Amino acid sequence: MMNQDIPQQARLFLMAASTGIGMLFVYDLFRIFRRVVKHGTTWIAVEDMFFWVGCAFWLFRLMYRQNDGNIRGFVILGVFAGMLIYSLGCSPFIVRGGTAILRFIVKIIEKIGGFLFTPFRFAGRQIGRGAKSAGRLCKKNGRSLKKRLKKLCKAVKMGLCKL
């Protein structure tokens, strides 16, 4: 006859393993962000501190709800097993792929921002030459910006209509 606690403990072990996988997945998101946006050592330490404190609360919540707050060695082992499986399995692919995707998105945002704010770069150079010429240039650049925005909106509308 099988003890009633064994299925519950097995389920707790699997939940602990999935918690470990989830923890490392969230940490991979931090790693992706760090590769795209450069951080200093202090900022990384602060991020890591908040991350691991959050993980401690997450793990405590798991043990409190599923095991009445009892700390079991196999729960900690399950978390580490989940982390190990994830880090040896798909973690490198997720970090590389996520980094490439995020860098692509950042480049697109930079290009759109550069496209929209190009007229203002030239206006800044003209301000030293006199207020009158700078005013004309800003007005001209404002019209140019308006035309660019209209073209962009038209292209977006056409693209959405094709979907």
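Keep in mind that this is a model prediction, so the values were computed, not measured.
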Spatial distance of atom CZ (Arg65) from atom CG (Leu12) [nearest 0.5 Å]:
14.0 Å
Is it true that Ile44 and Phe33 fall in one hydrophobic cluster, defined by side-chain heavy atoms closer than 4.5 Å?
no
When you look at CZ of Arg61, are more than 12 heavy atoms from neighbouring residues, nucleotides or ligands closer to it than 6.0 Å?
no
Hey, could you give me the CG/CD1 distance between Asp28 and Ile21, rounded to the nearest 0.5 Å?
12.0 Å
Gln9: which residues meet the side-chain hydrogen bond (donor to acceptor under 3.5 Å, both in side chains) condition with it, sequence neighbours left out?
none
Surrounding CH2 of Trp58 (heavy atoms of other residues, nucleotides or ligands, distance under 6.0 Å), is the total greater than 12?
yes
Provide the closest heavy-atom pair for Gln66 versus Gln8 in the form atom of the first, atom of the second, distance.
O-NE2, 3.6 Å
Flag yes if Leu84 and Val95 sit in one hydrophobic cluster, no otherwise; membership is Ile, Leu, Val, Met, Phe, Trp, Tyr, and two members link when side-chain heavy atoms are under 4.5 Å apart.
no
Which value, rounded to the nearest 0.5 Å, describes the distance between Ile32 atom CD1 and Arg35 atom CZ?
8.5 Å
Would you say Phe25 has more than 12 foreign heavy atoms packed within less than 6.0 Å of its CZ?
no
Would you please classify the geometry between the Tyr27 ring and the Phe30 ring as parallel, tilted or perpendicular, with 30° and 60° separating the classes?
tilted
Same hydrophobic cluster for Met63 and Phe80, using side-chain heavy-atom links shorter than 4.5 Å among ILVMFWY?
yes
Is there a continuous path of hydrophobic side-chain contacts, each under 4.5 Å between heavy atoms, that joins Val79 to Val26?
yes
Minimum-distance pair of heavy atoms, taken over all atoms of Arg31 and Ser91
NH1-OG, 3.7 Å
Taking all atoms of both residues into account, what is the closest heavy-atom pair of Pro92 and Ser87, and its distance?
CD-O, 3.6 Å
Which residues pass the salt bridge (charged side-chain N to carboxylate O under 4.0 Å, His left out) test with Arg11, sequence neighbours left out?
none
Closest approach of Ile76 to Leu59 (non-hydrogen atoms, all atoms of both residues)
CD1-CD2, 4.1 Å
Interatomic spacing from CD1 in Ile94 to OG1 in Thr99 - rounded to 0.5 Å:
11.0 Å
To the nearest 0.5 Å, how far apart are CZ in Phe57 and CG in Leu62?
15.0 Å
Under a 4.5 Å side-chain heavy-atom rule over Ile, Leu, Val, Met, Phe, Trp and Tyr, are Ile85 and Leu88 clustered together?
no
